[in-house]
Amino acid sequence: MRFTLIEVVIALAILSLSLAGMFRLLSSSQLRIANAEEKYREMHMLTQGVEYLMLTGTEEDLSVPDEVFPYTDYLIDCTVEEADGLPEELTGQENQLPLKKWVVHLIRASDREERLSVTIDRLDLQITEVADE
């Protein structure tokens with residue numbers, strides 16, 4: 001069985017098109033895997049910072065030490081705000097602890113871009129000393 005030159009050229013063209021499509025699919029898959037890995041790593045870093053702040057953070061000290069957060073190319077930034085949008089029956093009650101909103105940001109140090117953030121509603125547990133009368 002012999003093949004003509006046109007049949008061979010057409011077969012090679014089909015083969016090259018299928019190989020080009022496969023390489024394009026592989027390269028886009030590789031890019032998606034790299035993006036997913038970066039998102040996972042950033043989410044892990046943000047989770048570490050949030051866990052530390054939830055366990056030991058106070059409004060006076062919102063920093064995360066290098067032993068807990070050893071990533072030099074990222075920063076954790078936390079701001080504390082008053083919780084807004086609460087129903088009136090839940091605000092202004094006697095002996096009520098105030099609700100604060102902690103916003104924790106993961107920032108890339110090289111370009112100061114905010115990569116991820118999370119908002120935590122937290123009771124202000126600061127105990128004020130009552131003077132003896």
Side-chain angles (χ1 to χ4, degrees):
M1 177 179 267
R2 294 185 173 190
F3 295 104
T4 64
L5 182 59
I6 292 198
E7 290 173 333
V8 172
V9 169
I10 290 174
L12 287 175
I14 292 171
L15 179 65
S16 65
L17 286 174
S18 62
L19 286 175
M22 184 181 71
F23 288 136
R24 182 179 296 171
L25 179 66
L26 287 175
S27 68
S28 69
S29 297
Q30 227 175 4
L31 182 62
R32 278 190 255 143
I33 288 170
N35 288 340
E37 181 182 13
E38 181 182 10
K39 283 287 187 191
Y40 171 79
R41 190 171 48 88
E42 289 176 348
M43 183 60 75
H44 176 72
M45 287 186 271
L46 180 63
T47 302
Q48 275 186 298
V50 167
E51 285 177 354
Y52 178 82
L53 290 172
M54 291 288 294
L55 292 172
T56 62
T58 63
E59 283 190 52
E60 291 79 31
D61 183 21
L62 294 174
S63 61
V64 180
D66 291 339
E67 300 85 42
V68 176
F69 193 80
Y71 310 102
T72 57
D73 50 341
Y74 286 89
L75 307 168
I76 291 288
D77 180 46
C78 182
T79 58
V80 179
E81 305 166 4
E82 295 291 327
D84 51 357
L86 295 174
E88 288 184 29
E89 61 268 8
L90 297 179
T91 59
Q93 295 180 1
E94 190 174 329
N95 297 326
Q96 177 183 3
L97 292 173
L99 184 63
K100 300 284 184 160
K101 180 169 64 171
W102 288 35
V103 183
V104 183
H105 306 276
L106 178 70
I107 299 171
R108 189 169 40 207
S110 61
D111 57 0
R112 304 295 293 175
E113 178 187 355
E114 179 184 317
R115 300 298 293 163
L116 296 170
S117 68
V118 65
T119 302
I120 303 162
D121 293 328
R122 181 175 170 159
L123 291 175
D124 186 8
L125 299 176
Q126 290 181 337
I127 299 173
T128 57
E129 294 182 23
V130 178
D132 291 332
E133 294 180 24

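Partners of E114 by salt bridge (Lys or Arg N to Asp or Glu O under 4.0 Å), not counting sequence neighbours: none found. Remark: P65 pairs with Y52, E67, V68 by the side-chain contact (heavy atoms from CB on, under 4.5 Å) rule, at least two apart or across chains. With sequence neighbours excluded, no residue satisfies side-chain contact (heavy atoms from CB on, under 4.5 Å) with Y40. Evaluation of the side chain to side chain donor-acceptor pair (under 3.5 Å) rule for H44 yields no partner, not counting sequence neighbours. D111 meets the salt bridge (Lys or Arg N to Asp or Glu O under 4.0 Å) test with R108; sequence neighbours excluded. Residues satisfying the side chain to side chain donor-acceptor pair (under 3.5 Å) test with S63, not counting sequence neighbours, are D61. Under the salt bridge (Lys or Arg N to Asp or Glu O under 4.0 Å) criterion, R41 pairs with no residue at all, not counting sequence neighbours. Every residue meeting the side-chain contact (heavy atoms from CB on, under 4.5 Å) condition with E81, not counting sequence neighbours, appears here in chain and number order: T79, K101, V103. For S16, there are no side-chain contact (heavy atoms from CB on, under 4.5 Å) partners, not counting sequence neighbours.
Through chains of ILVMFWY side-chain contacts below 4.5 Å, I6 is grouped with I10, I14. Counting Ile, Leu, Val, Met, Phe, Trp and Tyr side chains that sit under 4.5 Å apart, directly or through other members, L19 shares a hydrophobic cluster with L15, M22, F23, L26.
The CD1 atom of I107 sits 12.0 Å away from atom CZ of R115, with the distance rounded to the nearest 0.5 Å. Remark: L106 CG to M43 CE distance equals 9.5 Å, nearest 0.5 Å. Here the OG1-NE2 distance, from T119 to H105, works out to 7.5 Å after rounding to the nearest 0.5 Å.
Within 6.0 Å of the CD atom in E37, the count of heavy atoms belonging to other residues, nucleotides or ligands does not exceed 12. Counting heavy-atom neighbours within 6.0 Å of E7 CD, excluding the residue itself, gives a total above 12.
When side chains are defined from C-beta on, D77 does not count as touching V104, because their heavy atoms never get closer than 4.5 Å. The shortest side-chain heavy-atom distance between L53 and I120 does not fall under the 4.5 Å cut-off. When side chains are defined from C-beta on, W102 counts as touching L62, because their heavy atoms get closer than 4.5 Å.
The two residues A109 and L75 make their nearest non-hydrogen contact at CB-CG, 4.3 Å.
Residue pairs meeting the ring pair (Phe, Tyr, Trp, His ring centres under 6.0 Å) criterion with at least one member in residues 61-85, sequence neighbours excluded: F69-Y71.
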